[in-house]
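For reference, the structure is listed below as structure tokens.
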Amino acid sequence: MARELAKQYDPKEVEDRIYKQWLDGKYFHAKCEKDKPTYTIVIPPPNITGQLHMGHALDNTLQDILIRFKRMQGYDTLWVPGTDHASIATEAKIVEKMREEGLTKEDVGRDGFLERAWDWKKQYGGRIIEQLKKMGSSCDWDRERFTLDEGCNKAVKEVFVRLYEKGLIYRGERIINWCPHCKTSISDAEVEYEEQSGHFWHLRYPFSDGSGYLELATTRPETLLGDTAVAVNPNDERYKHLVGKTLILPIVHREIPVVADEYVEMDFGTGVVKITPAHDPNDFEVGLRHNLPVINVLTDDAKITKDYPKYAGMDRYEARKAIVEDLEKEGALVKIEEHIHNVGTCYRCGTTVEPRVSKQWFVKMKPLAEPAIEAVKKDETKFVPSRFEKIYFHWLENIRDWCISRQLWWGHRIPAWYCEDCGEITVSKEDAQSCAHCGSKNIKQDPDTLDTWFSSALWPFSTLGWPEETEDFRHYYPTNTLVTGYDIIPFWVMRMMFSGIEQTGKVPFDTVLIHGLVRDSQGRKMSKSLGNGVDPLEIIDKYGADALRFSLATGNSPGNDMRYIDERVEASRNFANKLWNAARFILMNLKSEEIIPLNTDDFALEDKWILSKYNKLVGEVTENLEKYELGMAVQKLYDFIWDVFCDWYIEICKSRLGGEDEKAADTARSVLVFVYTGILKLLHPFMPFITEEIWQSMPHEGEALMVSDWPKTDSGFEYTAEEADFEKIMAVIKAVRNRRAEMNVPPSKKARVQIATKFKDAFGAGTAYICRLAYASEVEIGDSFESEGAVRVITDAASVYMPMKELVDFSAELERLNKDLKKAEDDKEFFEKKLNNEGFVAKAPAAVVEQQRESLKKVLDKIAMIKESIKEIEDNM
RNA sequence: GAAGGCAUAGCUCAGUUGGUUAGAGUACCUGCUUGACAUGCAGGGGGUCGGUGGUUCAAGUCCACUUGUCUUCACCA
């Protein structure tokens with residue numbers, strides 16, 4: 001006997017058990033099967049510092065849906081999981097933790113620090129992996145990777161050396177974004193701009209020959225210490241003649257020149273700009289053009305250097321205050337204005353970024369960007385939805401060289417050694433023992449590490465064993481789908497693209513599926529500071545992982561943000577329960593665990609109808625999934641399961657299952673199990689736990705649903721005519737229910753239902769369930785019936801009479817019929833107008849025209865029947 | 001300043017290459033111990049798809065302009 005199921009689905013009882021079963025069965029493990037096509041996804045590696053949030057939940061749900069779908073379709077599927085070492089984020093956390101112990105990085109030293117970092121990784125790195133498992137993610141855990149593991153390390157060194165040797169990595173003194181809190185350089189992509197209100201200090205710098213002043217405005221007076229020129233526009237009539245003169249820098253009393261540079265906007269402010277090459281990117285460029293000295297006035301934590309004893313040690317804002325006061329004393333301050341401007345901040349810690357000149361490593365981007373642009377233009381990689389290609393192109397087309405060195409310890413140490421004797425650089429995959437130029441042993445490795453994203457950029461191939469020619473790499477690379485949020489296109493997608501093309505000669509994936517952000521119920525970004533984050537684990541605990549996954553997949557169209565609404569998850573939970581109870585119903589009506597084979601000859605009309613609908617569903621859901629229309633697929637499944645299968649087909653089967661005819665009951669059983677099993681398969685990628693649990697309780701063949709075959713459409717199930725016939729019956733049932741509800745007749749009060757129709761065969765076969773569903777005491781089918789004393793409803797296929805004498809109010813009946821007639825005649829007019837439009841008939845596709853003709857025909861039939869009824873009543877009155 | 005998204009029922013959202021008289025969930029109203037399910041069943045009210053104009057036999061769906069809203073990028077010291 002089949003297993004009995006509880007009255008309500010309890011995810012807690014099921015999920016961990018089923019997940020373990022999958023793991024034990026090694027179903028997630030990719031076996032490099034040469035005879036199968038491959039389908040590969042690499043996970044966007046979550047940070048080891050992170051905890052699962054709704055963004056991960058969405059990202060991983062989408063990936064799991066795709067991978068489970070393809071696995072069932074027979075692909076050799078591989079989903080590579082792993083985590084990211086997240087250099088800045090992790091280092092910041094460890095520094096923070098040490099600070100609580102009263103320790104600094106310097107106290108424990110590089111090795112001591114790294115030891116702590118690895119301990120951290122051991123302790124927390126596994127946390128997020130366990131959380132991903134709770135979601136049901138079918139990753140190949142045997143292939144789990146870490147961006148700082150041995151293999152990734154090897155790949156990183158290989159790429160660094162290759163690019164260096166090609167001249168695509170260089171070291172240079174440039175102005176970069178510096179975070180004074182993290183004490184490291186950061187890339188352009190890591191700077192976030194925010195609007196802040198500040199001030200405009202108008203200053204005047206006197207000419208050294210005593211011939212007056214030049215007035216200018218600045219938002220950062222403290223940088224005045226590092227001014228090495230003042231610039232005006234060469235075409236500015238007001239100042240043209242002053243170019244070449246010198247000024248005395250207030251406070252510092254250094255002599256600086258007036259230079260002419262196109263960069264200065266004549267109509268902004270006074271048209272005069274102070275130039276601080278060490279602390280402003282634009283000024284740096286001006287400095288280069290005019291050969292100006294670069295004077296750094298700030299330390300790495302944004303305090304004034306000891307070169308200015310009066311301000312030394314003050315942080316930039318304190319110094320600003322002090323300097324403004326001194327300027328005022330010196331009479332150099334003209335006025336202060338309110339000013340709103342954009343300030344760059346560190347994307348990790350939010351500290352205002354300090355532009356700073358320093359020696360860093362860079363990747364030359366132009367030569368790498370071009371092939372990456374080409375590849376997407378040639379559709380070698382497609383974005384879904386395609387509009388995100390614009391963002392991708394915009395970034396790559398305007399890209400500047402990528403600053404890859406970080407003044408951090410947690411990360412891939414730069415494989416470059418400096419010779420103390422000859423001063424040359426040795427770059428090597430192996431740890432260098434001596435200078436490659438002069439042979440000196442007196443060499444030191446660069447203390448810096450690489451940007452986290454340098455290793456993430458290699459993720460699609462480093463995880464498959466590259467640079468070794470491994471079996472995995474040969475078999476699974478290039479990968480297929482990359483699933484990620486639009487916010488990291490510039491950080492990650494773009495960098496994987498150019499790295500993949502440069503290093504392997506192939507694009508790393510053929511499709512980039514972009515999703516949006518999960519926002520809170522009010523549409524706000526979920527954030528720690530707002531405290532509005534929703535913890536997926538709590539939701540799983542409350543409603544189950546399947547309900548959460550289903551909610552995230554429903555109504556989520558690619559690239560669009562979505563809101564997290566609790567009620568939606570509740571609705572998904574209810575849906576899971578509906579599915580569960582359908583299984584209970586089927587199970588309690590089966591006689592054995594044997595699968596009853598389908599027998600075409602025994603099918604009743606309703607069987608043909610459901611098989612035909614199911615067959616269409618299989619085709620549509622498959623197509624939707626192949627086109628990444630996951631939301632659409634899930635909506636169709638929902639409608640089919642709840643409305644078509646449960647509310648109609650199951651209800652209809654009840655009369656056969658409870659009837660005397662065992663053969664008919666068996667036919668119903670065979671179709672119920674067949675269609676329901678198909679549903680479980682189609683739904684499995686979305687709701688893996690419950691579908692697996694139910695499948696194993698039902699008659700089945702094979703070990704597990706997750707490794708069973710995806711359903712295929714079958715032309716033998718295309719019962720078009722039967723579908724239409726059955727829908728005539730549905731229309732009658734609905735019309736009867738509707739009329740009874742209008743008259744407030746409770747279901748317990750049964751009435752005779754007489755159906756006058758041209759389709760006697762179809763209706764005749766359905767009397768048993770029409771009786772049930774239309775709350776009838778008995779059902780009669782015929783050409784016509786005595787209408788006296790009957791309530792009547794008319795569909796386009798039948799006139800239905802319900803003799804309920806005591807309830808019948810003839811004038812009310814007449815009124816209703818006239819209302820129906822009016823509606824039907826409006827419809828008739830609508831269709832006729834369309835069909836009389838020559839343009840429509842000539843140009844619209846034949847199928848569309850035919851549809852309209854069909855509709856018109858039905859309306860005409862209906863009108864005839866209504867008129868007849870009206871006449872009958874009038875005759876009897 | 002530039003680019004892009006979104007605007008559809010009270011609320012949250014679907015709507016696939018333009019093609020039956022626009023859908024779902026939820027909320028609301030009415031009725032139901034209907035032997036799978038009240039996390040349920042049946043019935044109902046409620047949008048003309050932000051606005052204007054255009055293309056087309058046909059537009060929520062394409063184009064232009066416009067309003068509101070959000071995002072990203074750039075940035076003038």
Side-chain angles (χ1 to χ4, degrees), chain A residues 5 7-9 193 200 216-220 223 231 263-265 267-276 280 282-283 286 341-342 385 387-388 390-391 394-395 398 486-487 489-490 516-517 521 523 525 543 547 551 554-557 559-565 567-568 570-589 620 623-624 627 629 631-632 634-635 638-639 642-643 646-647 650-651 654 658 734 737-742 744-748 772-773 775 826-827 830-831 834 837-845 847-849 851-852 854-855:
Chain A
L5 299 180
K7 191 168 171 182
Q8 282 186 349
Y9 173 59
Y193 289 88
F200 234 162
L216 52 82
T218 178
T219 53
R220 304 198 51 196
T223 62
Y263 150 72
V264 182
E265 301 270 335
D267 44 12
F268 186 82
T270 59
V272 182
V273 186
K274 69 193 231 6
I275 301 297
T276 323
D280 182 280
N282 291 308
D283 292 9
V286 175
H341 59 153
N342 274 339
R387 67 183 139 92
F388 288 98
K390 281 184 191 160
I391 295 182
H394 183 260
W395 268 93
N398 297 290
Y486 56 72
D487 49 334
I489 292 173
L517 267 40
S521 60
K525 222 170 176 166
Y543 299 110
S551 305
T554 314
N556 176 33
S557 54
N560 286 355
D561 288 354
M562 65 188 300
R563 296 186 195 207
Y564 175 84
I565 313 271
E567 287 78 8
R568 284 178 68 148
E570 205 179 312
S572 303
R573 188 272 316 263
N574 294 352
F575 174 64
N577 196 51
K578 186 76 183 172
L579 184 76
W580 182 258
N581 273 288
R584 284 184 66 214
F585 173 80
I586 295 171
L587 283 172
M588 66 177 60
N589 281 289
E620 287 175 6
E623 195 187 332
N624 284 144
K627 288 158 81 178
E629 294 161 351
M632 209 105 64
V634 82
Q635 190 61 52
Y638 183 96
D639 291 343
W642 202 309
D643 185 45
C646 291
D647 288 345
I650 284 188
E651 288 307 319
K654 282 178 180 170
K734 283 183 188 177
R737 284 170 174 175
N738 179 327
R739 176 57 51 88
R740 289 176 57 106
E742 271 177 36
N744 274 323
V745 184
S748 53
R772 269 183 66 86
L773 300 185
Y775 317 110
D826 286 350
D827 289 351
F830 175 86
F831 292 119
K834 224 169 177 180
N837 181 334
E838 278 174 40
F840 175 73
V841 180
K843 293 186 186 174
V848 175
V849 178
Q851 248 171 11
Q852 300 292 310
E854 278 294 308
S855 299

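Every chain is numbered from 1, with letters handed out A, B, ... down the list of sequences.
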| request: Anything under 30° is parallel, anything over 60° is perpendicular, the rest tilted; go ahead and classify A/Y9 against A/W580. | output: tilted
| field | Distance, C1' atom - from B/U21 to B/G35, rounded to whole angstrom | value | 41 Å
| message | For a quick test of reading the model, state the closest non-hydrogen atom pair linking A/K525 to A/L517 and the distance between them. | response | CE-CD2, 3.6 Å
| query | Given B/U39, B/A38, B/A77, which nucleotide is nearest the side-chain atoms of A/N577? | reply | B/U39
| Sugar-phosphate only, base, or nothing, as touched by A/K654 at under 4.0 Å among non-hydrogen atoms | base
| request: Taking atom C1' in both B/U69 and B/G51, compute the distance separating them and give it to the nearest angstrom. | output: 15 Å
| query | So what does A/I650 touch, heavy atoms closer than 4.0 Å: a base, only the sugar-phosphate, or nothing? | reply | base
| OP1 or OP2 of B/C41 less than 4.0 angstrom from a side-chain nitrogen or oxygen of A/W642, does that happen here? | yes
| request: Return the minimal non-hydrogen interatomic distance between A/P490 and A/D487, and the atom names on each side. | output: CD-O, 4.0 Å
| message | Quick one, A/D647 and A/W642 - any side-chain contact, counting heavy atoms below 4.5 Å? | response | yes
| task | Mind checking A/F831 for me? I need base, sugar-phosphate or nothing, with any heavy atom below 4.0 Å counting as a touch. | result | base
| Nearest-Å distance, CZ (A/R772) to P (B/C32)? | 19 Å
| query | Side chain of A/F830: nearest nucleotide among B/U21, B/U34, B/A14? | reply | B/U21
| Of the nucleotides B/C57, B/G4, B/U30, which has the atom closest to the A/R387 side chain? | B/G4
| said: Would you say A/K525 places a side-chain N or O within less than 4.0 Å of OP1 or OP2 belonging to B/U71? | reply: no
| Across the strands shown, which category fits A/Q852 at heavy-atom distances under 4.0 angstrom: base, sugar-phosphate, nothing? | sugar-phosphate
| When only distance counts, do a donor and an acceptor, one from the side chain of A/E651 and one from the base of B/A36, lie under 3.5 Å apart? | yes
| Gap in Å between the two P atoms, one belonging to B/U17 and one to B/U30, rounded | 42 Å
| Which nucleotide in the set B/A36, B/A74, B/A24 lies at the smallest distance from any side-chain heavy atom of A/Y638? | B/A24
| Starting at CG of A/D561 and ending at P of B/A14, how long is that distance when rounded to a whole Å? | 10 Å
| task | Just compare B/G4, B/C41, B/G25 and give me whichever is closest to any side-chain atom of A/A571. | result | B/G25
| Contact class for A/E838 vs. all strands (heavy atom < 4.0 Å): base, sugar-phosphate, or nothing? | nothing
| task | Please state how far atom CG in A/N342 lies from atom P in B/C75, giving the value in whole angstrom units. | result | 10 Å
| Using a cut-off of 4.0 Å on non-hydrogen atoms, how would the nucleic acid contact of A/Y263 be classed: base, sugar-phosphate, or nothing? | base
| said: Output the rounded distance in Å from CH2 (A/W395) to P (B/A3). | reply: 18 Å
| request: Check every atom of B/A36, B/G5, B/U16 against the side chain of A/N560 and return the nucleotide holding the closest atom. | output: B/G5
| said: Suppose you measure atom C1' in B/C13 against the same atom in B/C73; what distance do you get, rounded to whole Å? | reply: 29 Å
| message | Taking any heavy-atom pair under 4.0 Å as a contact, classify A/N589: base, sugar-phosphate, or nothing. | response | nothing
| query | Between atom CG in A/N837 and atom C1' in B/U20, what is the gap in whole Å? | reply | 15 Å
| query | Within the modelled atom types, does a donor on one side and an acceptor on the other bring the side chain of A/R563 and the base of B/U12 under 3.5 Å apart? | reply | no
| query | CG of A/N398 versus P of B/C73: gap in Å, rounded? | reply | 13 Å
| message | With rounding to the closest Å, how many angstrom separate the P atoms on B/G4 and B/U66? | response | 14 Å
| said: Strictly distance-based, threshold 3.5 Å: is any side-chain N or O of A/R740 a donor or acceptor partner for the main-chain N or O of A/P746? | reply: yes
| remark: Side-chain contact check for A/S557: nearest option of B/G25, B/C41, B/G15 is B/G15
| note | Ranking A/D283 and A/V745 by the position along RNA chain B of their nearest nucleotide, the one closer to 5' is A/V745
| task | Using a 4.5 Å cut-off on heavy atoms from C-beta on, say whether the side chain of A/Y638 contacts that of A/D643. | result | no
| said: Please give me the minimum heavy-atom distance between A/N577 and A/Q8, naming the atom from each residue. | reply: OD1-CA, 3.5 Å
| query | A/R584 side chain: which of B/A77, B/C32, B/C37 is closest? | reply | B/C37
| task | Tell whether A/K578 reaches the base of B/C37 with its side chain through a donor-acceptor pair below 3.5 angstrom. | result | yes
| request: Pick the P atom in B/G54 and in B/C49, then give their distance to the nearest Å. | output: 16 Å
| field | Minimum-distance nucleotide to A/P845 side chain [options: B/C37, B/G15, B/G19] | value | B/G19
| Gap in Å between the two C1' atoms, one belonging to B/G60 and one to B/U8, rounded | 7 Å
| said: Distance check, C1' atoms only: B/C28 and B/A9, in whole angstrom units. | reply: 12 Å
| Residue matched to B/C49 through Watson-Crick or wobble contacts both under 3.5 angstrom | none
| To the nearest Å, how far apart are A/N581 CG and B/C41 P? | 10 Å
| query | Which pair of heavy atoms, one from A/I650 and one from A/A582, lies closest together, and at what distance? | reply | CD1-CB, 3.9 Å
| remark: Against the side chain of A/T219, the closest entry in B/A24, B/A77, B/U12 is B/A77
| Between A/K627 and A/G839, which has a closest nucleotide on RNA chain B that is more 5'? | A/K627
| query | In whole angstrom, what separates A/N738's CG from B/G43's P? | reply | 8 Å
